[in-house]
Amino acid sequence: MQLGFPPTTPDLHSNIQRRSKSRFVGFVFLGGLEGAKASDLKSEISIFLILGDFSIMPTSWADSVANSAESGASNSGVSRPTRSSYVPPHLRNRPPSSDPPVAASSAPAPDNNRPGYGGAAPGGSRWGGPIRELGRSGFGGGGRGGGGGGGWNNRTGGWDRGREWEANPFEKDEKDEIEEQALGEQENTGINFDAYEDIPVETSGDNVPPPVNTFADIDLGDALNKNIQRCKYVKPTPVQRHTIPISLAGRDLMACAQTGSGKTAAFCFPIISGIMKGQVAQRPRGPRTVYPLALILSPTRELSCQIHEEARKFAYQTGVKVVVAYGGAPINQQLRELERGVDILVATPGRLVDLLERARVSLQMVRYLALDEADRMLDMGFEPQIRRIVEQMDMPPRGVRQTMLFSATFPKEIQRLASDFLSNYIFLAVGRVGSSTDLIVQRVEYVNESDKRSHLMDLLHAQRANGTHGKQSLTLVFVETKKGADSLEHWLCLNGFPATTIHGDRTQQEREQALRSFKSGITPILVATDVAARGLDIPHVAHVINFDLPNDIDDYVHRIGRTGRAGKTGLATAFFNENNSSLARSLADLMGEANQEVPAWLARYAARPSYGGGRNRRSGGGRFGGRDFRRDSTFGRGGSGGVDYYGRGNSGGGFTTSSGGYGGGYGPGVVSAWD
DNA sequence: AAAAAAC
């Protein structure tokens, strides 16, 4: 293997194959564009208003299309049922009739295999089927269809004209250039893409759509393709290659893929594309209630913000409106944003429940549901809230909506819970170049509780002496408790190390300020609780220190995944002592599989029968870090050989393991959108 | 046991 990885990595392929649980730790999916700034969005909006030729103020793409499409058929152009109504897909796109609105809950629940829906057509989107052609020629999607008529071509044409004078929206401005200067070349050269051939992929489920090799192979629509170009994504990442066709085919999905593998784009592209091409349903219009078509949930506010920013770039000039809602911030501003129209709502659970209770948001029209960090969303703390949102509000049931779950780690118990939300889903596990194995050097040191601070000080002094301290080498220190975070931050500052902290006891303003201050290098040390463990994309984190180790090995995986990103190497140091003995075995196993040096004392700990057991013990089986629990006989209906389908009443069964799929055609030397 | 997530 001629990878540019540390010499300790003998064979990436076999290495990944030996991995037995779902954990991939890797590098950043740097948007490549910090663009689509507020000013651009403003210009989008204003152009929209100028060119929008509608009888009422359009609030979003789909609303607008609906209005424009129905303006002839409907007497008032817009029907405003006082009561919100859910129109089942098979009744949509018909001239408005006097039929009473059908409530979601009472809608004839198609069986979960959704036979009659658009998705039944092979390869067709569940929602997009019949209208797709119309959508392309009539609505233009950016003018590919030539000069077809219709208001949308006018609008698109207008935007195209606008682009002559409008600055390239995704071009970095000077500030961004400076910020990203250091990344520059390294971003694109840190990865050997030939190694794509070695990325293992495992899928299971019925009729898994084959992966695509290029974005051009997928009909995402011109506007989205343009944004992909603006993002300088040349080639889909492995998770995108597999996820996008699955998603476009209307299938539910449980995907095991590292944050930073292009996951956000993997679920955003199909959603945006689907909304643009999908059937244009008349959304009900409560005076204050909005009806998003897609819902993306994530476990922390900062992660929701990050997803929102990313999604907004992808949706640029598509007319698809993305809004974020999370707690800790004034709700009024978020309400105003919502009132201006929302197609995709990105939210944290608490605030969403609030909005639902206030009836400011209804989930009746949700076609797409995506859970990021899905295993966290379904763990003990979150599960009731998520169930409430997904099962007990007005969201269409599984099988009617399309559901996609993503995480880097997917314990089997959580998979079982998650299957409640899914219908005949496909399980996807994508290994990757740049797992923890390759880019992150993991160290474990035995440090007694009372010695932790002085030991930390030693590390920091060494870093400072190394020059690995400051703007381009940030240090992220994880602690167990919020109090501990505050006191460690204080102590660091006292000792001459500019630090800040992020945890749930701080105000949202303080949290965001801390993150900014850390990212910019003003305080190159961030002391964090697990609030910062997942998903956050912070460039230049050179060192993750587990001052307090987590109790769960999966959390460890997520934490150290904050470094070793963007194709750079990273260092992860853990302070281990007697208190962490329950983690010993899983930690030793993980490190061993990652070809990390396992200290003899840790190996001895791990070998002690009383330690390392329990829930942290790793169940063998998965080669890639994720394995479909339906294939595990202990979770199935009993069958033998582990090939049993946990179907929950779904017909069909069996598996298609298309692991050969990764041979499916990564051309040699391809350039990818990986970073 | 702690963390996260609404007011």
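Side-chain atoms are counted along with the backbone in the values below, which use heavy atoms only and exclude waters and symmetry mates.
Here the P atom of nucleotide dA6(B) and the CG atom of Leu338(A) are 14 Å apart, to the nearest Å. Regarding Asp548(A), its CG atom lies at a distance of 13 Å from the C1' atom of dA1(B), rounded to whole Å. Glu373(A) places its CD atom 15 Å from the P atom of dA4(B), with the value rounded to the nearest Å. For Glu449(A) and dA1(B), the CD to P distance is 17 Å, given to the nearest whole Å. The nearest whole Å value for the distance from the CE atom in Met380(A) to the C1' atom in dA4(B) is 12 Å. Distance CG (Asp379(A)) to P (dA2(B)): 16 Å, rounded to an integer number of Å. With rounding to whole Å, Met377(A) atom CE is found 9 Å from dA5(B) atom C1'. Atom CZ in Arg376(A) sits about 12 Å away from atom C1' in dA5(B), given to the nearest Å.
Note on Thr348(A): every side-chain N or O is 4.0 Å or more away from OP1 and OP2 of dA4(B). Listed pair Lys482(A) / dA4(B) meets the phosphate criterion, a side-chain N or O lying under 4.0 Å from OP1 or OP2. The phosphate of dA6(B) (OP1 or OP2) has a side-chain N or O of Arg301(A) nearer than 4.0 angstrom. Distances shown here put a side-chain N or O of Thr529(A) below 4.0 Å from the OP1 or OP2 atom of dA4(B). Between Arg559(A) and dA3(B) there is no side-chain polar atom (N or O) within less than 4.0 angstrom of OP1 or OP2.
When heavy atoms are screened at a 4.0 angstrom cut-off, Gly381(A) is found touching base atoms of the nucleic acid. Residue Val531(A) is in sugar-phosphate contact alone, with no base atom involved, counting any heavy-atom pair closer than 4.0 Å across all strands shown. Within the nucleic acid shown, Arg358(A) has no heavy atom closer than 4.0 Å to any nucleic acid atom.
Between atom CD of residue Gln402(A) and atom CZ of residue Arg398(A) there is a gap of 15.0 Å, rounded to the nearest 0.5 Å.
Taking Lys482(A) as the reference, His503(A), Asp505(A), Thr529(A) meet the side chain to side chain contact (heavy atoms under 4.5 Å, CB included) condition, with sequence neighbours excluded. For Glu302(A), the salt bridge (Lys or Arg N to Asp or Glu O under 4.0 Å) partners at least two apart in sequence or on another chain are Arg511(A).
Distances from the side chain of Arg511(A) to the nucleotides dA1(B), dA6(B), dA4(B) place dA4(B) closest. Listed nucleotides dA2(B), dA6(B), dA1(B) differ in distance to Thr481(A); the shortest reach to its side chain belongs to dA2(B).
Neither side chain, Ser362(A) nor Arg283(A), offers a donor N or O lying under 3.5 Å from an acceptor on the other.
Within the 4.5 Å cutoff, the side chain of Tyr605(A) has heavy atoms near those of the Arg608(A) side chain.
The base of dA2(B) has none of its N or O atoms less than 3.5 Å from a complementary donor or acceptor on the side chain of Asp530(A).
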